[in-house]
Structure formats: C-alpha cells, structure tokens
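Structure first, then comments.
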Amino acid sequence: MFCCARLRSRWPVTKVTLKDVAREAGVGTATVERVLNGRGGVRPETVEKVFVAARRLEYRQSLQVAHRGLIRIEVILVRPETHFYSRLNRAFERIAASLDDSIVVHRTFVREDEPAQFARYIANPTARRSALIVVAPDHVDVVTSVRKAADLGIPVVQIMTRPAPELPYVGIDNYAAGRTAAHYMSGMLAKRPGSFVALCHSGAYENHKERIRGFSAYLAERGSNEHRFIEVMFDLDDEHNAMELLRSALRREPGIIGVYTAGGDNKGIARVIEAGGTELPFWVGHELTAETQDYLRRGIMSIVLDQAPEVQARRSIDLALNRLGLIEVEVSAEPVRFLTITSENL
C-alpha cells in the first residue's frame, strides 16, 4: 500500500485550467476570468457557480477578498428563549466560526405562531441564500414555501422536524423516541395499574406528533392491560398552561401514574408532580438542561431523552456543504442518536 502511494506521487498532478472551471460551472471562460479576478459585472448567482466550481476542482489561483461571505447558508430557527433552540443556535454559531471566510452561516428566528409570515419569509428572504436549513412548522403554507425553495435548486435541509418527507432531514427518529418513552414507562410500572397522559406543544410540529404516535403505538402493541393511555394535552410549551392542564387531568383521573412530555416545557410539570405527594408518577421528558438534571437528581423526573442539538447542527451544515459541492465527506442519512439520561448517568 505504501509502495503504491509512492508510485502515484511520481505522476504529475493535472493542472486545472480556466476552461475546466468554466465547463464545471456551465459558463464561458471570460466569465470565469472576471469572477476569479474580482472585476465585477457578473450576476451574484453566476459568481457563486464559478466560485463553487473552482473550489470543487481545487483551482489553485487564490480567490479575491471580495468573495468572502459569497456562500450564504441561512438557518431559520424558532423560539430563541427555549433551552433547546438556544443550544442549537450556539452550536451553529460555533460551527460558523470554524468555516473559511467564503462561507457565512446566517441565523434567523421567525415566529412559529404566524405561519403565513413564516412562509412569506422563506419565499422572500432578505438576502440571497445559497442553502437553507430550517425548523419548519407543519403548516400547509410553510411546507409549500419550503418545497418551492427546494424547487429553485438550492439545498434545503429540514432540521429537528420533517413536515416535507421527501426533502433531506437531520434529526432524531421521533417515532422511536416516543416508543422508547412508552417502553420504559410501561416496563417500570408493570406492577402498578393506572393511566398514562402526554403533553406536547401543539399539533404544529411533525416531530411532536411522531413522538405521540410512537408512544401510543407501543402501548397499543406491547402495553399492559393494566395501563390506559387516556389523553394528549397541548400546552404550547407554556409553564402555566402545562400546570393547569396536568392539574385538571389529575383531578379528573386520580389514577394517573405516568406522564410523558413530548414537547419542551418541563418546569410547570415538575411543580405539579413535586406537589403531588409521596407516590410520584413516572415522568419521561425531553432535553437535558440544568433544570432536568436537577429533577432527575431529586427523583421528580425519571428519564430524559436528549436529542443532541450540537450533532444536528454539525450534520446539517455538512449536508448543505456537501450538496453545494464544497466538501466530499459523506454525510450520514441515519437519524441522529438520542441519548437516554437517568439519575445514574448524569
């Protein structure tokens, strides 16, 4: 093997020419020359094509300072006040700082409760984008805009949730996460008859719906006759909504022994459970935070399923760069592995 490597190194490396770059970009050599020498007069879309072709072919001529920030990857996120999206945002920020000057990662927060505005922003960005990474609510207008963006030929990556199943997705297997929650809950409560309830943000996100489907399907297939899954409540990830909904459920059904929070709010649930007495329900929730770590240590929470937003951010950027032809590293299409955290492996 080492011998072959030495033999190959004796052969001269073929020099990439302007014609090669022009052929790869689908433009004329004069256009390539103007772009690579920063002489202007070329549409931004064409400049990007030439730049990407030159990068892909490893054209050795140094690129002009004017081409810094030419590749603009836009990341559209929601709810910056939540711990999960704060982690995701920081992860994108760290990754952006590690990329070369030709690539900019622009992070935008859009209101999830205004789907028409969300859809308009996707369709009418404030600046030209080379690729789009988006947390998309499962609303017909938003999904239509995401699909139209992909139809324009730019790489579109759905992160965390997948309302358009035909487009690339980076995130956990949410159906499996719901089944995992039900698996642990029904197993640990095998000798304790009673009812299970679930809470999530709303029906706005496909990931939450998949978690509830998985939770329900597991209990229907493998659950005990001693357990009943009686209700799904939508708290909009609001602490006070969550508290009132769970309190009302406990008043209606004193036999609730299992609680699954498929969304992001945990503080309100913790307050209700902690005030409930000595025999606490088995509680499975999502996202490892300082709060959920504390709940695990104190025995209020039983299991946390963490979906590793840092891994999702890295993989989505790599996938966008790969689709742009800027890196050749193969990006896994497998779901990101979620972590199962208990008080014993904090």
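All figures in this text were calculated on a predicted structure; none of them were measured in a lab. Here, residue 1 is the first one in the sequence, and each next residue gets the next number.
Panel note: side chain R111, backbone E114; no donor-acceptor pair is recorded below 3.5 Å. Using modelled atom types, one side-chain atom of T144 and one backbone atom of V140 make a donor-acceptor pair closer than 3.5 Å. Listed for the S216 side chain is no donor-acceptor partner under 3.5 Å among the backbone atoms of R213. No donor-acceptor pair closer than 3.5 Å links the side chain of S130 to the backbone N or O of I71. Not one N or O on the side chain of D235 forms a donor-acceptor pair closer than 3.5 Å with the backbone of N241. Within the 3.5 Å criterion, the main-chain N or O of E287 finds a donor-acceptor partner in the side chain of T292. Checking side-chain atoms of Q158 against main-chain N and O of A136 turns up no donor-acceptor pair under 3.5 Å. A distance-only check finds a donor-acceptor pair linking the side chain of N345 to the backbone of T342 [under 3.5 Å]. Of the possible donor and acceptor atoms, one in the side chain of S186 sits under 3.5 Å from a partner among the backbone N and O of A182. The backbone N or O of F234 lies less than 3.5 Å from no partner atom in the side chain of S202, so there is not a single donor-acceptor pair.
Looking only at side-chain heavy atoms (C-beta outward), I76 and I122 come within less than 4.5 Å of each other. Under the 4.5 Å side-chain criterion, counting only non-hydrogen atoms from C-beta, P281 is in contact with I273. When side chains are defined from C-beta on, V78 counts as touching Y85, because their heavy atoms get closer than 4.5 Å. Using a 4.5 Å heavy-atom threshold, the side chains of H286 and T261 count as separate. Side-chain contact between F282 and I303: present, with at least one pair of heavy atoms (C-beta onward) separated by less than 4.5 Å. Contact check for V304 versus Y295: no side-chain heavy atoms found under the 4.5 Å cut-off. The closest side-chain heavy-atom distance from R128 to I154 is not below 4.5 Å. Taking 4.5 Å as the limit, every side-chain heavy atom of F84 sits out of range of all side-chain heavy atoms of T289.
Taken from CG in D101 to CG in L70, the straight-line distance is 12.0 Å, to the nearest 0.5 Å. With rounding to the nearest 0.5 angstrom, the CD1 atom of I317 is 13.5 Å from the CZ atom of R315. Taking CD1 of I327 as the reference point, atom CD1 of I103 lies at 8.5 Å (rounded to 0.5 Å). Remark: I95 CD1 to R314 CZ distance equals 4.5 Å, nearest 0.5 Å. Rounded to the nearest 0.5 Å, atoms CD (Q307) and CG (L288) are 12.0 Å apart. A distance of 11.0 Å separates CG of N174 from CZ of R162, quoted to the nearest 0.5 Å.
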* Pair R129-I73, side-chain contact (heavy atoms from CB on, under 4.5 Å): steps then yes or no -> CA-CA 6 Å; R129 57 170 75 108; I73 300 174; over 6 Å; no

* To do: Determine, step by step, whether R87 and D306 satisfy the side-chain contact (heavy atoms from CB on, under 4.5 Å) criterion, reporting the C-alpha distance in whole Å, the side-chain angles of both residues, the deciding distance to 0.1 Å, and the verdict.
  => CA-CA 12 Å; R87 279 177 66 186; D306 187 75; 2.9 Å; yes

* **Criterion side-chain contact (heavy atoms from CB on, under 4.5 Å) on V156 and V146, from CA distance to verdict** => CA-CA 8 Å; V156 174; V146 169; 3.9 Å; yes

* **Worked verdict on E328 versus N322 for side-chain contact (heavy atoms from CB on, under 4.5 Å)** => CA-CA 6 Å; E328 295 182 359; N322 178 270; 5.6 Å; no

* Take R147 and E166, measure what salt bridge (Lys or Arg N to Asp or Glu O under 4.0 Å) needs, and give me the verdict at the end. => CA-CA 9 Å; R147 286 177 168 141; E166 76 280 8; 2.6 Å; yes

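Considering all non-hydrogen atoms of both residues, P168 and L319 come closest at CB-CD2, 3.8 Å. Nearest heavy-atom pair across V105 and A96 is CB-CB, 3.7 Å. Contact detail for Y260 and A181: the closest heavy-atom pair is CE1-CB, 3.5 Å.
Salt bridge status for D141 with R120: absent, with no side-chain N to carboxylate O gap under 4.0 Å. The pair E310-R90 fails the salt-bridge criterion, with no side-chain N (NZ, NE, NH1 or NH2) lying under 4.0 Å from an Asp/Glu carboxylate O. A salt bridge links E231 and R252; the closest N-O separation between the charged side-chain nitrogens and carboxylate oxygens is under 4.0 Å. Residues R179 and E210 are not paired through a salt bridge, judged by the lack of any N-O separation under 4.0 Å between the basic side chain and the carboxylate. R298 has a carboxylate O that lies under 4.0 Å from a charged side-chain N of D294, or vice versa, which qualifies the two as a salt bridge. Of the charged side-chain nitrogens involved, at least one lies within less than 4.0 Å of a carboxylate oxygen, so that E244 and R251 count as a salt-bridged pair. Classification of K148 and D151 as a salt-bridged pair fails, no side-chain N sitting under 4.0 Å from a carboxylate O. R211 has no carboxylate O lying under 4.0 Å from a charged side-chain N of E206, or vice versa, which leaves the two without a salt bridge.
Looking at Y121 and E74, their side chains do bring a donor and an acceptor atom within 3.5 Å of each other. The closest side-chain donor-acceptor pair between H139 and Y205, if any, does not fall under 3.5 angstrom. Side chains of H201 and E112: a donor on one and an acceptor on the other come within 3.5 Å.
Side-chain heavy atoms closer than 4.5 Å link hydrophobic residues (I, L, V, M, F, W, Y) into clusters, and following such links, even through other members, never connects V143 to V75. Hydrophobic clustering keeps L236 apart from L246 (ILVMFWY residues linked when any side-chain heavy atoms are closer than 4.5 Å, directly or through intermediates).
Residues in residues 154-197 take part in these ring pair (Phe, Tyr, Trp, His ring centres under 6.0 Å) pairs, two or more places apart or across chains: H183-Y218, F196-H227.
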